[in-house]
Number of protein chains: 2
Amino acid sequence: MDSTQLLKGVLDLAVLAVLDERDGYGYDVVRRLREAGLEDVGDASVYGTLRRLFKAGALTSYVVASDEGPHRKYYGLNDVGRDQLASSAATWTAFAATMADLLKERRPS
Amino acid sequence: MDSTQLLKGVLDLAVLAVLDERDGYGYDVVRRLREAGLEDVGDASVYGTLRRLFKAGALTSYVVASDEGPHRKYYGLNDVGRDQLASSAATWTAFAATMADLLKERRPS
DNA sequence: GCCACTACTGTGCATTGCGCAGTAGTGTGC
DNA sequence: GCACACTACTGCGCAATGCACAGTAGTGGC
């Protein structure tokens, strides 16, 4: 299965979860997601997701200068974002449980 | 979170799992998925998925007449389908574990 | 100066789930 | 016999979203 399709609808959740730990800028979020196990996540997907979440009012944003490269656009959760994280996490957990149920019923191969 | 996006890439797996239990026709698969907890799954999505999987060579197909309505197009797994089910299930399980990990690290709200 | 690494933006595409309309067979009630 | 409901499948077009790719820029090493 192409694991990119699995991310559909879940990348938002993953990004929110990472930002809930601590604020981060795009490049940093990409690295943290990859370290967490989402190795195939594309950078453009993360930047796109951040922009989308920000536009939706779930994130705050501030720019910080950097010693080792261009400026960094940091993002952090606001109340809307935390709400979205909580409800998305609940939805995901329920969905994953349903899928686990479906899978465990199959005949042993 | 819109649970329709969560299905992306997973509906194939869910359909394969259901068909692994026992052969089924479109309408029947829709009902079984809904009973399993995927209540919002659209019928057109399932029919589309069945056609796609069949076209990809993962399913067998045979038509059976019915007493209570139109004919039924039954689908069943072949070896390719069982392989795909096994590998997709493994991918999904790993992915779900990664997500669970990501979520459990967040601060308590 | 050239290259590598960091960091972000924009464009266009592919996949896939869904709404909706349409076709068709069977049985029920009037 | 006709309208209607339920079963069952097909086709069309749309929307969401992840990604590849190209482009812009800053910093530092050689």
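Just the heavy atoms: all of them, side chains too, but no hydrogens, waters or symmetry mates, feed the values below. Numbered from 1 within each chain, the chains take letters A, B, ... in sequence-line order.
- Computed from C1' positions of five pairs at each end, the angle between the two local axes of the helix from C:dG1-D:dC30 to C:dC30-D:dG1 equals 10°, rounded to 10 degrees.
- Taking atom CG of B:Leu6 as the reference point, atom C1' of C:dC18 lies 15 Å away to the nearest angstrom.
- Partners of B:Arg52 by salt bridge (Lys or Arg N to Asp or Glu O under 4.0 Å), not counting sequence neighbours, listed by chain and number: B:Asp12.
- Between B:Arg31 and D:dA8 there is a side-chain polar atom (N or O) within less than 4.0 angstrom of OP1 or OP2.
- Annotation: salt bridge (Lys or Arg N to Asp or Glu O under 4.0 Å) contacts of A:Arg51 (sequence neighbours excluded): none.
- Membership of an apolar cluster is not assigned to B:Val80, as no side-chain contact below 4.5 Å to another ILVMFWY residue is traced.
- A:Lys73 has its NZ atom 20 Å from the P atom of C:dT6, to the nearest Å.
- As a whole-Å value, the separation of A:Asp43 CG from C:dC5 C1' is 14 Å.
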Is there any protein nitrogen or oxygen under 3.5 Å from a nitrogen or oxygen in nucleotides 1-3 of chain C, and what are the pairs?
none

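- A straight line from OH of B:Tyr27 to P of D:dT7 spans 5 Å, rounded to a whole angstrom.
- A:Tyr27 meets the ring pair (Phe, Tyr, Trp, His ring centres under 6.0 Å) test with no other residue; sequence neighbours excluded.
- Residue A:Gly26 comes nearest to A:Tyr47 through the heavy atom pair CA-CE2, 3.6 Å, listed as atom of the first residue, atom of the second, then distance.
- Nucleotides of DNA chain C nearest to B:Leu7 and A:Gly26 differ in position, and the one nearer the 5' end is that of A:Gly26.
- In this structure, B:Asp23 and B:Asp28 approach most closely via the heavy-atom pair O-OD2, 4.4 Å.
- Note that the CG atom of A:Leu13 and the OG1 atom of A:Thr91 stand 9.0 Å from one another [nearest 0.5 Å].
- Here A:Leu7 contributes atom CG and B:Met99 contributes atom CE; the two are 8.0 Å apart, rounded to the nearest 0.5 Å.
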Please list each protein N or O that sits under 3.5 Å from an N or O in nucleotides 22-28 of chain C, with the distance.
unit_1	atom_1	unit_2	atom_2	d
C:dT26	O3'	B:Asp67	O	3.2

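- Evaluation of the side-chain hydrogen bond (donor to acceptor under 3.5 Å, both in side chains) rule for B:Arg31 yields B:Tyr25 as partners, not counting sequence neighbours.
- Between B:Gln84 and B:Ala58, the closest heavy-atom pair is OE1-CB, 3.9 Å.
- Rounded to an integer number of Å, the gap from CG of B:Asp40 to P of C:dC18 is 8 Å.
- Taking B:Asp43 as the reference, nothing meets the side-chain hydrogen bond (donor to acceptor under 3.5 Å, both in side chains) condition, with sequence neighbours excluded.
- Here D:dT17 presents its C1' atom at 16 Å from CG of A:Leu38, a figure rounded to the nearest Å.
- Of all the residues in residues 44-52 of chain A, A:Ala44, A:Ser45, A:Thr49, A:Arg52 reach under 4.0 Å from DNA chain D with at least one non-hydrogen atom.
- For B:Ser66, the side-chain contact (heavy atoms from CB on, under 4.5 Å) test picks out B:Glu68, B:Arg72, with sequence neighbours left out.
- Contact annotation: A:Tyr25 side-chain N/O to C:dA7 OP1/OP2 distance is under 4.0 Å.
- A straight line from CG of A:Leu33 to C1' of D:dC19 spans 15 Å, rounded to a whole angstrom.
- Every residue two or more places apart in sequence or in another chain that forms a ring pair (Phe, Tyr, Trp, His ring centres under 6.0 Å) with A:Tyr62 is listed here: A:Tyr74.
- Look at B:Lys8 and you won't find any side-chain N or O under 4.0 angstrom from OP1 or OP2 of C:dC18.
- Whole-Å rounding puts the B:Phe95 CZ to D:dG18 P distance at 10 Å.
- By the 4.5 Å heavy-atom criterion applied to side chains, A:Leu11 and A:Leu33 are counted as neighbours.
- Comparing D:dC19, C:dC8, D:dC9 by their closest approach to the side chain of A:Arg72 singles out C:dC8.
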